Amino acid sequence: MTQLLYILAFVVMAIGLWGILSRRHLIRMIIGFSILDTGIHILLVAIGYRKGGTAPILDEALSKGEALMNAVDPVPSALVLTAIVIGLAVTALMLSFAVRMVQNNPTMNADEHKELKW
Amino acid sequence: MIYIVAVLGIVIAVSAVFALYTGKILSAIIASGAVSLVASLIYILAGAPDVAMTEASIGSALTTVVFLIAWRRISRIVATSTEKEDKNA
Amino acid sequence: MLKRILLIVSMVLLALILLPLLEGLGEQTHVSSLAEYYLSSGADDLNSPNLVTSVVVTYRGLDTLGEVTVLFAAAAGIMLAFKGLKMDEKEREKTQGPSELLASGASLLFPILFIFGIYIFTHGHLSPGGGFQGGVVIASAALLLLLSGVIPGVSHLMTSLLEALAGASYVAIGLLGLYLAAGFLDPRFLPRGEWSGIFSAGAIPVIYSLVGIKVGSELSAVLNAMISKGGEK
Amino acid sequence: MVTPIVIIAAALAMAFLLPVLEKAGKGLIKTLSLLVLAGFFAASLSWVAQILQTGAIISQTAGFKAPVSINLSVSMMEATGLAVIYLVALLSGAFQIFVKKAVWQGKELSLYFALILGLSGLVMTRDLFNLFVFMEITSISLYGLLVSGRDERRFEGGFKYMIAGGLSSAFYLIGVAFLYRETGQLNLDIIVAQSGQANLYLPLLLLTIGILIELKPFPANGWALDVYESADPGTGAVISAMNTTALILVFMKLMPLLQAFGSGIVYAALIIAGLTFFLANLAGIRQTSGRRMLGYSSLAQTGLILFVLLSPSAGLSEERGLSIIASMLRLDTIEVIALALLINHALAKSALFWLTEFLKKDALHKSSEEGDYRGNRGWLIPAGMAVLALTALPPFPGFWAKWAVITSFGAAGNIGGIAVILIGSLLEVYYLFRWFIRTQAHGEDGGDVIAPQVPEDFAPEAAPAPAGLTIKPAWQIFAPALSIIILTSLGLAWAFLSLSGGQELLLLPLAALALYALFDLIALPFAVKNILAMAGLGGYAYLIYGELNNMTLIFGAVFIAGSLVQLFLLFNKRDKRSGLLPFLVMMILSLGNLLVFKSSLGFFFSWEMMTVSSFFLVIRGRQASRASLRYIMFSLAGAFMIMYALADGFRGPLTGLVFAIGLLIKMGAIGFHIWLPGAYAEAEDEVSTFLSSVLSKAGLFILFITAGIYGQTFFPGAGNAFLASIDINAILGWIGVITALAGAMMALFQEDIKYTLAYSSMGQIGYMILAFSIQSHLGWVTALYLAVTHLLFKGLLFMAIAGVIMRTGTRLMYQMGGLIKKMPISFISVLLAIIALSGVPPLTGFGGKWLLYSSLMEKGWYLHAGLAMFSSGVAFLYLFRLIHTIFLGQPKTGMFENIKEAPIWGLIPQAIFMMVIMGFSMFPSLLIKPLQAAVEMVYPAAAEGVAWQGSTVLSSLGYWNGSAVMYVTMGVFLIPLAWLMIVNGRIQKVKQFNIVFAAERPYKPETTHYAYNFFSHYQKALGFLVEVRAERFWTMIRKSTDALGGLVRRIYSGNAQTYAFHIIIFVILFHLLAGGTF
């Protein structure tokens, strides 16, 4: 399970990175980022995972004593939570910049947004 | 459970690739939302319901909405500018 | 084509560099030393059943405060970016004219979603979910109204006021922790309350609620800006 | 007591509340913001005080101790770094609020506070994930601030920034994730304490890459340039100054971790930093956009700071000021150096960014189109000082830091490091000074712009009167001005600490600069200022007199007394001439300080002060932009070579050679001379005389004293058989004689009289080098003799010519003529000077030549002697032309009818010099005896057989009695003169240009003047000798550097995806450099 999650994380990250690097459409580049982010989230969850782990929420099913033995690591969960929100913020900002870029130069092709160079 | 995760993983990978290569941007956006949504299912299985909930609501739903809104505006800008060009030509 | 090949080669090289990270990772049975502390003493420290929430709101509260700031800054940036954007006539026309069915459905769904959002952030310390998730639900309720055309726009004054007050109160609670309890963002200046009660875990539910309000109003404002801004200014 | 966490809370509260408070009133939020920003700065200063007493300030959060919760820690490095950030934040905030009123409202201010919060958190936090959060806050609020610009391209730039930022945070996050997996901790200190654990190479690699990308390393930095170019200047300042400072502090914080686990990563970062510094400067020279150029400079400076931080040997310096500051603040020396470089860069670069806000166009300024910023001192002075600070010239902190770094490298034998820093810096000097010079160039100044598009036959139209730049109201430049003032005070404080060990005297030039600038400011009449300058020089001479010995006394006389006399000339001027006296006095005092320094730092400091002050004298000329750029480039190239030699302590085999070349550049020896004619000729007429007659001796003096110190063999190539086998003196001799010949030849073919004199100076310096290289008693006496007499006759010539140019309004010789009747006294002084110069009896020049040939014969250098004699002949030709075309012949019809003699104040110093020349001519022993005494310490006279009989010099080749020669020659001249006077009355007078009877009207009337192209026949015969090979060589160097720069910058294709690809390449490159494999 852990290995599976790790491999999945790497595959998703690679797909995302590939999207950023190779797809010329602005929206697809941003989608690439979103996929890359998801990959990183999966990675963090994989790091927090333990064999047969349950959610670190204490209730009837999980007493304080059992938590240490069975619950997954709450730290990576907390980190992912933060990362997801930050991911949204960056994606949204990227999109709004993309809208303004297209407004200046109405094309979706990243290759053609090269007014600044050298 | 490992098999479920494996299947979900394949779904994620396939929709991610689909999102990058499908012809229609609209489908691409939906597919990228699906990547997050399926990922959140995996999180539930991996004992992280908090993360799952966040990923579903923010990573999947809200991000997709933002993408859609932005895409709508962008496509209109591009459309009107091509119309103008046509008129000029 | 050459570029594509270079790209593939460099991606392969990158993968080769990072591959050792995957080596020798067996099935994990233990958690980290840091997690051990949280799992064993977290509940006693803060009296909150959801340990993820304890970590998010208290132990790593500074992260969460930062997270709120990130969202805030992004919202401000997006609103600034869209402020200068013109919406032409055609676009404006298309956004007009809600369908009757959609409008009534939205009006019906809105209170349910709204209350659900509030539920999520007030129960963040007891069950999965919290301020961010609750805030998003509230924002999607607002989005529904916007898209269906029930309301022409979200009041900027209201959202910014709510957002500012919630944010400032968050900081104020952090400072209360500093002066009344042991440190900045320490929630234990409020009573521990009963285990699993809604008024328990010190200030954690308060903080999460404030986060919820802030995120909800902020996201509503952003969505509002993205959908309807432009043209007026 | 404000703890670090309170700052975070306050910044947050401000960010959240400002958009709402705005509704209550815009004035309110602006005042509040400034108050809070000032409070931050004050808090950071109070931390410095507190840390000195109690050690690092640690804030725990959430009521738990780290690592359970996140903690913030502020130690001395962080506190001082934050003080820099908060200072710039305050100034930048004030600038934006007051100058960009219309743009900066509640939202922008609120983003600004979010940014400051992010930067504070970055510096303070000890938690690696928390660091990520603050990194994101910083980036996102910066993206938001980018929106508030004017340039439409800012979104494109911002988008690229986001791509890079997104990738960097992805790498960072993956690194943190695996670090957590391996160590189970996120707290930096805990992880470092667990050293010797599992292999953390890859996580640390990713972590480092994440931080480094934000620091804009080569090649992953194209995005940053686009951001700098398109962003608002204010935002550019924020990124360059505040963001970079914070990120470097973060990097310093991570360094223990990197050092504990992987030296490979440190090494890779070192190489990357060096590459970034060098290549960014190389590409910077091709920029036409000022802001993009500043961006390249920012990348370079960041690279430099990292390079210094990571170099293992960079903190070895024992420089006095550095050690004092380090012990005062309880920092390591390397930390002080880094801090100094950070402050220097942050304040100077932000000032420049703010100043570009006022430029009409963001381009390399072309004055006819964009206005002449010379008239606007409020803009010019801060800009000039910022450029000086960035190029690490004294007295700014960068100078001291760079000196410490270079000497540390020298002590550790890190020659490569020195080379990287100095060559890179020289490139930066080039483009920064070029930009600065162009912004202040006169409308009529063609200058040296990189604008090859202009076709050959391009004729600039009559430029419209430059509208000039208006900063209204003037207080708008308060932010750059304030930051420069602070930077200067810090530099002065360091200067004081460094030199307080008995070398306080060396600070006097700065004091003089300040004092005379003050006089300019309160608009004292120029005559009063000039009297004060003379009094000041007198006082200074009195001060240093006690410290002078034989050799230094002679040069003291040249530098101080020579200048003092020439100051009389300035009384001519009635207008204000602000800026002239401050730099002139500063230059003379710096020259004087070369006589009394006590340490190599003291020497180098004075040397650079001399360079800086003389540069500002050259640039004052109306068409001096090209000349001043060349001047500063060659001067600093020479200075850097000297610096290298000093740092190396003359131990390495190459050092002596490099040092000698450094001095030769400064002296304008052949090959390096191309800066010289322009600098001497294009400076203002009254200034040229100081440069040519006084300043030109500085290099010679240093040559003497170093040769005196290091022995007669003159810098042996110790330890290297090949270098030791080179006879440097022989080379020097040839350089000298060729310089003499080339100088004379080139002087021959000039139409512009000042160029003639300038080339003539070059030739004379050549004689001095030749005489020096003889390395004997007589040779050295000759060199000194030539130096002193050159001061006299070249001063005389330049002063007389200044009067002529003033009266005729032209520098072209063929436009003059027949001035002998109008300006008889000037004629006499020119006549006297050229007799002295050409070496015919009876005047001092004869003595110089006599000594030179004697010593050359004695040495056996017959060929040299022949060539020297030939050059003297050539010199005679141009001197003849000088007197012939200017004073003899007939005055041009209608042009010079009403010309009067030069003003009295021009004649007084000439009279003094004439009297001295006559005195020395009659009684050579007055001069030669002190010179012999000066040479005595190295070459005793007894061994050589120069003896005295009364005032007659005896050498192995004959004797010279000055008085006798004088009487005989005067007799020989007086008799024909009397005869001429008698017959003169009968000569029929013919008008000039009596050519109207010819069939055609000449196309260019001046070509018919007999003085035009006077020596064309010689030019046909000898012109090939003076073909401008050196000019061509240096142009080729410049062009190939340009081309290289163009090549480097080609990788920044402007495509966001290419930039992302660069980041991947960067990761792979970094991994390879760190010794990783696949």
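Everything numeric in this text was worked out from a predicted model, so none of it was measured. Labels below follow one simple rule: chain letters A, B, ... track the order of the sequence lines, proteins then strands, and each chain is numbered from 1. Note that these values count all heavy atoms, side chains included, but never hydrogens, waters or copies made by symmetry.
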Quiz item: Atom CG in L146(D), atom CZ in F159(D): separation rounded to 0.5 Å?
Solution: 13.5 Å
Exercise. Using non-hydrogen atoms and a 4.5 Å limit, figure out which bit of A181(C) sits close to chain D: side chain, backbone, both or neither.
Key: neither
Practice problem: Keeping the roles fixed (side chain from T138(D), backbone from F134(D)), state whether a donor-acceptor pair exists under 3.5 Å. | Solution: yes
Quiz prompt | Part of Q60(D) lying under 4.5 Å from any heavy atom of chain C | solution = backbone
Practice problem: Tell me whether the guanidinium CZ or amine NZ of R60(C) lies under 6.0 angstrom from the six-membered ring centre of F132(D) and within 45° of its axis. | Solution: no
Quiz item: With chain C, which of E136(D), K107(D), K23(D) has the greatest number of heavy-atom pairs at distances under 4.5 Å?
Solution: K107(D)
Quiz item: Can you say whether V133(D) sits under 4.5 Å from chain C via the side chain, the backbone, both, or neither, judging by heavy atoms?
Solution: both
Self-check item: chain C contact residues among residues 116-126 of chain D, heavy-atom distance under 4.5 Å
Solution: L117(D)
Quiz item: Where does L72(D) contact chain C at under 4.5 Å (heavy atoms): side chain, backbone, both or neither?
Solution: side chain
Exercise. Select one option (side chain, backbone, both, neither) describing which atoms of L62(C) are under 4.5 Å from chain D's heavy atoms.
Key: both
Self-check item: Nearest non-hydrogen partners of T159(C) and S220(C), listed with the distance
Solution: CG2-CB, 4.5 Å
Exercise. Can you tell which part of I137(D) gets under 4.5 Å to a heavy atom of chain C, answering side chain, backbone, both or neither?
Key: both
Quiz item: Can you name the closest pair of heavy atoms from I1051(D) and P219(D) and give their distance?
Solution: CD1-CB, 3.9 Å
Quiz item: Counting only heavy atoms not in K3(C), do more than 12 fall under 6.0 Å of its NZ?
Solution: yes
Self-check item: For chain C, the option from R181(D), E108(D), Q185(D), M14(D) that forms the most heavy-atom pairs under 4.5 Å
Solution: R181(D)
Quiz item: Side chain, backbone, both or neither: which part of L206(D) has an atom under 4.5 Å from a heavy atom of chain C?
Solution: side chain
Quiz item: Aromatic rings Y112(D) and W104(D): how do their planes relate, parallel, tilted or perpendicular, breaks at 30° and 60°?
Solution: perpendicular
Quiz item: Among S160(C), A172(C), G77(C), S32(C), who wins on heavy-atom pairs under 4.5 Å with chain D?
Solution: S32(C)
Self-check item: Interface moiety of D127(D) toward chain C, non-hydrogen atoms closer than 4.5 Å
Solution: side chain
Exercise. Could you tell me which of L186(D), V68(D), T61(D), I70(D) has the largest number of non-hydrogen atom pairs under 4.5 Å with chain C?
Key: V68(D)
Exercise. Using ring-ring contact (aromatic ring centres under 6.0 Å, His included) as the criterion, list what pairs up with Y170(C), not counting sequence neighbours.
Key: none
Quiz item: With only heavy atoms counted, which part of L111(D) is less than 4.5 Å from chain C, the side chain, the backbone, both or neither?
Solution: side chain
Give the table of side-chain donor-acceptor pairs shorter than 3.5 Å for residues 208-216 of chain C, with sequence neighbours excluded, one pair per line with atom names and distance.
{"residue": "S209(C)", "atom": "OG", "partner": "P205(C)", "partner atom": "O", "Å": "2.7"}
{"residue": "K214(C)", "atom": "NZ", "partner": "E218(C)", "partner atom": "OE2", "Å": "3.1"}

Quiz item: If you count heavy-atom pairs under 4.5 Å with chain D, which of V171(C), L34(C), L185(C), V31(C) comes out on top?
Solution: L34(C)
Quiz item: Where does Y143(D) contact chain C at under 4.5 Å (heavy atoms): side chain, backbone, both or neither?
Solution: neither
Quiz item: Using non-hydrogen atoms only, which part of L6(C) is less than 4.5 Å away from chain D: side chain, backbone, both, or neither?
Solution: both
Quiz prompt | Contact winner vs chain C - A62(D), P67(D), G184(D), heavy-atom pairs under 4.5 Å | solution = A62(D)
Exercise. Go through the atoms of L205(D) and report whether side chain, backbone, both or neither lie under 4.5 Å from a heavy atom of chain C.
Key: side chain
Exercise. Could you please state which residues from residues 40-49 of chain C sit under 4.5 angstrom from chain D, measuring non-hydrogen atom to non-hydrogen atom, sorted by number, or 'none'?
Key: D45(C), L46(C)
Quiz item: If you count heavy-atom pairs under 4.5 Å between each of V70(C), L80(C), D63(C) and chain D, which one has the most?
Solution: D63(C)
Self-check item: Best-contacting candidate, N130(D), V147(D), I140(D), against chain C by heavy atom pairs under 4.5 angstrom
Solution: N130(D)
Self-check item: Proximity breakdown for A35(C) and chain D, heavy-atom pairs closer than 4.5 Å
Solution: both
